[in-house]
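Have a look at the structure below, then the notes.
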Amino acid sequence: MSELDSLKKRALDELASCGDESSLRNWHSRYFGKSGEMLAALKKVSELPPESRKEYGQQANIVKENLSSAYDSSLKSCLEQAMLKSLETEKLDVSLPGMPPSPGRLHLATQTLRDIQSSFAEMGFQVFRSREIEEDEFNFGLLNMPPHHPARDMWDTFHTTDPGLILRTHTSPGQIHVMRKFFPAPIRVILPGMCYRYEAITTRSEIMFHQVEGLVVGTKVSMTDLKGTITAFTRKMFGDSRKVRIRSSYFPFTEPSIEVDMDCIVCGGKGCTLCKKSGWLEIMGAGMVHPEVMKNGGYDPAKFSGFAFGMGPERIAMLRHAIEDIREFWGNDLRFLSQF
Amino acid sequence: MKVPIRWLKDYVDFDLSLEALVNRLALAGLEVSGIKHWGTEAPEGLRLGNEEPYPVWDKDKIIIGLVTKVDKHPDADRLKLPTVDYGPGKSITMVTGAPNLSVGDSGQKVVLALSGSVLFDGHATPKVLKELKPGKIRGVASDAMVCSGFELGISDDHDGIIILEEDAPVGTALVDYFGDSIIEIDILPNKARCLSMVGVAREVAAMTGGKLKSYSHKLKKTGSPILGKVKVSINDAAACPRYTASIIENIKVASSPAFLKRRLQQAGMRPINNIVDITNYVMLEQGQPLHAFDYDILCNRVGGKVPEIIVRFATKGEKIKTLDGVDRELSTETLVIADSVGAIAIAGLMGGYDTEVTDKTSRVLLESANFDFLAIRKAMKSLGLPSEAATRFSKGIHPALVSEGANRALQLMQDFAGGIPLEGLIDCYPAPKAPQVIDFSLSEARRILGIDIPIAECTKLLTSLEFQVEQSGKDLLRVTAPTHRLDIQVGVADLLEDIARLYGYDKFPETSLAEELPPVLIDPELDFERKLKDTLVHLGLQETISYSLTSPEVESPFLESPKPAYVELMNPISSERTVMRQSLLASMISLAQANLKHTETIKLFEVGKVYQKVNNQKLPKEPYKLAIALCGPRNKASWTEDNSGGAHLNFYDFKGIVEGLVSGMHLEKISFKPAIHPALHPGKSAALMINEKLAGIFGVLHPKLATTLGLGNFELIAGEFDIHALASGLPARYLSKPVSRFPAALRDIAVVVDQSITCQTVTNEIQAAGGNILKLARLFDIYQGDRIPAGTKSLAYALNYQADDRTLNDKEVDKLHKKIEDRLKHVLKAQIRGKEV
């Protein structure tokens, strides 16, 4: 066996016995390093008689290439093995909690208001805001409730020490403001805002709450448009298979007045605790604008007609998220607010 | 309004299950808010699962019985042994302690419960249901019982067993005899006409296509004419449109018949005696309140002369003792019924003590009158005297109901009190209400409701509610409102309401608005506010919304003096909420405080209104404000790192948020300067200026205030900003800058300046010297200490040089850097660290 052959055999044997990356790298420097054996064997060509140089050179280069490619493939497979092994051993406990981010959030009431607003915006409704401290006249009188009108009993009112000034009990005074601003143009607005009622604070009632009122006025606005609009809204907010039911009701500023229910979002109408077995959830009051209110807004009720509706965003949020206590809203406990 | 179904069926036949009835009523605007059962089983669909339990009367076990004898208990004086027949050949003896059954009694009709019946345990409070089991009481076997109202679940009366009317059919199941469901209907103001059984029955008839049965009854006989026995005069016909008086003689005041008492109880009223009960019964039946006076007392008061009833307003300081025994002083807004001696009743509210019906009464003067709702409401309010009658008057009753109400009461008094009514009625009705006639065009139905309802259908629907309808032209109806309706005020719109609800809203199609879109409404503050909230959320803040009602005491430390006048509530709900807030800070701090009890880091903001009185203006201003509060560790605790002793949020975190807000909203002409605010640390607070005007103030909560509020262990940073002022920094448009494609050269510079020189001044000078090429000067360190002269500080900046059109060479950068150094030395007398030692 020639020297080269034995070098090759020895090198390959050693290579085969290398078990990990570092022994492979050692092998490589032993044979291919600056003073490595392979290099030394190649250099030997100059010591040979000229006639054997060519053959030796060829042989040596073949051995070099063999060893080099054997090394490459050993290294490759070693690295592959190591990776495969690491895939098996490097296991995270994915049940460990993630690093907590610190996101900011909008208050649930704001989120709900925005959902309502965007639903109506798609139907061409604009937002009109008006004041919270109102004149009695706007909150009641111009809405067809002269002083001592029995319907005033429907709203328990906070009065200020300034005679005739109250905290608005609903967003409806905005109807008069917006009509007087828009006349004689058609109107399609929602009027969101804070309202106040003189009530005991309980799980179901608050002294302060948002309301979103809607008002449409024009020369061809009817009850069927009202039904279409609120049905579309209900489906946008609560899902496209929602059914809507209309009941007769009473508000002094609309005639006819209606109450709008949707089929229960939990039981779908079969009856459950949320809907108190009725299968229906009340979502808003509405009606055709009362001729007196229309007049007070400056529009001729013989020519113009309109509809109005009003809903409580907090109540809607309570339905959507199974919130049982309305006091959570202004309690502002971060453990509550951060859930939304 | 509590409506027992059996009673309702006296006036209308209908074939609807209780569930269906409740549902139909709700659709028609008569929402049922509660149901009570007298022994009947609640239908599955109406069971909520959380109702109070009540006994369901077993048909076979709870039966009407006849007491045939009552024997003595051999071993107990208080116990008796009644024997009760309950059908042919059926008889049972049991033990009872009922005080209203005595040894030797017989002939009483009673409610017998056989063993296996489930009833309320008569000895247990709160109420528990218990099955009746055979047993022995003091040695005597007892397999049944005679029941009290308590045990049957129909009253809280423990005192004795129920004695039924004489004609109660022995052997009949009690549930068939008077078992019932009582629905409670919420009556809306426009349906005040439904505050009576007849009123509700009328609605049921209209919605089921049934017919209202007649409830008018003829008097059997009458005595002498009433004329000359009493005079009536009305002083104010607006307050009292109608007053009738009738007289019934020979009555015997006694307990009411059992059926009448039961019905009153079911409707929520307490039986008193037959005369009073009958007036209440008629009110419940027809909606017309009545009052009975003792006629003989009225005669005696005027010395045997003909009494005169005068309806007038009370005089100043006038007093009356009402039948509840209370002496009341009346306001001149209170309408009274008087005779020539004085007030004998408060009109519509309560009768007088001196003239009320007693056991001795034999002649009754019956008042059936109509009072204006306004007069009654004012009296109710000033006296705080709500009653069934006053509630009805205060919602409005049609004057036409007066005569039938009187007639019905007389008939019942004839039947159940042995009375003989005098013939006729004194009827004072100065200005009879004209019938309301409305011309109704079908095109209005089309225009407002959006549907075409055929004329025949309209006619049918209106007729079913007792409107008189005649066709007066093509598509034109002349409609006369029935005399029980007061709510037909605007005319056509009111008719549309009835037509729509009877036609059925479920038949209305859904249409899209065909109306043209209105002109665009622009509310820049609304857009600004929305972006502002979004920006703050992106900066990691949680929005809060707190009460706008507060108290001056709570807000005082957060307001700068002089303190402005508050919008004050006349009827505050509590002493903590007496005024409308002028600042968001007080509530922001208090909810921060509440949250710090359970949450380490809080980063909050609120955007909301404050309320400011304006001199010489009726309406206060309602500007929007923004409040922010920060407190706690900067980073959230986590298992991946040890957070103990980690850095806490400080003034500069707050300022960073303000700067983030400014850059996020693209506000311009911004500056900060030191500020003083009563709630903030004087050395750690700043004002945000926009265009040299104050836009807000922020800083570390004043340590003194923090201690007072129990926040001494926290460093809380808070601020309040005016939304309008912030919005004033908003440019019409903001411009973009091109991004340079050429590499940047980075250099640091450390500037030693006098301590009094602000960072802003140094930065401004660096930027002024650096010009366009200096893209960024970022402060990265501040040093004060031994290595620099006392009274100075070292500010280290990272400078970023970059040209937009070429790669800068070292020479250029050196030159510019030198220019900056020179300017700082020259203008600020600065030393450049590492350059001059």
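To find a chain, count down the sequence lines: A is the first, B the second, and so on, and within it residues start at 1.
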Check this for me: does any side-chain nitrogen of one of [X] and [Y] sit under 4.0 Å from a carboxylate oxygen of the other?
X: A:Arg188; Y: B:Glu515; answer: no
X: A:Arg245; Y: B:Asp506; answer: no
X: A:Arg114; Y: B:Asp534; answer: yes

Heavy atoms only: give me the nearest [X]-[Y] pair and the separation to one decimal.
X: A:Asp162; Y: B:Lys613; value: OD2-CE, 3.3 Å
X: A:Pro256; Y: B:Tyr505; value: CB-OH, 3.4 Å
X: B:Pro518; Y: A:Phe182; value: CB-CE2, 4.0 Å
X: B:Pro620; Y: A:Leu165; value: CD-CD1, 3.9 Å
X: B:Asn571; Y: A:Thr157; value: ND2-O, 2.8 Å
X: A:His149; Y: B:Arg377; value: O-NH2, 3.5 Å

Can you tell which part of [X] gets under 4.5 Å to a heavy atom of chain B, answering side chain, backbone, both or neither?
X: A:Lys243; value: neither
X: A:Pro301; value: backbone
X: A:Ala232; value: neither

Would you compute the distance between atom [atom1] of [X] and atom [atom2] of [Y] and round it to the nearest 0.5 angstrom?
X: B:Glu510; Y: A:Lys227; atom1: CD; atom2: NZ; answer: 5.5 Å
X: B:Ile573; Y: A:Ile201; atom1: CD1; atom2: CD1; answer: 6.0 Å
X: A:Phe307; Y: B:Ile448; atom1: CZ; atom2: CD1; answer: 12.5 Å
X: A:Ile187; Y: B:Leu521; atom1: CD1; atom2: CG; answer: 10.0 Å
X: A:Asn332; Y: B:Glu606; atom1: CG; atom2: CD; answer: 7.0 Å
X: B:Asn595; Y: A:Leu334; atom1: CG; atom2: CG; answer: 3.5 Å

Any chance you could lay out the salt bridge (charged side-chain N to carboxylate O under 4.0 Å, His left out) test for A:Arg129 and B:Asp523, step after step, and finish with the verdict? CA-CA 9 Å; A:Arg129 303 195 290 180; B:Asp523 183 350; 3.5 Å; yes
Which bit of [X] comes within less than 4.5 Å of chain A, counting heavy atoms only: side chain, backbone, both or neither?
X: B:Leu539; result: neither
X: B:Lys378; result: side chain
X: B:Glu525; result: both
X: B:Phe373; result: side chain
X: B:Leu569; result: both
X: B:His598; result: side chain
X: B:Ser394; result: backbone
X: B:Arg530; result: both

Looking only at A:Phe158, A:Phe251, A:Phe128, most heavy-atom pairs under 4.5 Å shared with chain B are made by A:Phe158
Worked check of side-chain hydrogen bond (donor to acceptor under 3.5 Å, both in side chains) between B:Glu497 and A:Tyr250: CA-CA 10 Å; B:Glu497 196 241 305; A:Tyr250 171 75; over 6 Å; no
Applying side-chain hydrogen bond (donor to acceptor under 3.5 Å, both in side chains) to A:Glu206 and B:Tyr547, what does each step give before you reach the verdict? CA-CA 10 Å; A:Glu206 254 294 356; B:Tyr547 287 106; 2.6 Å; yes
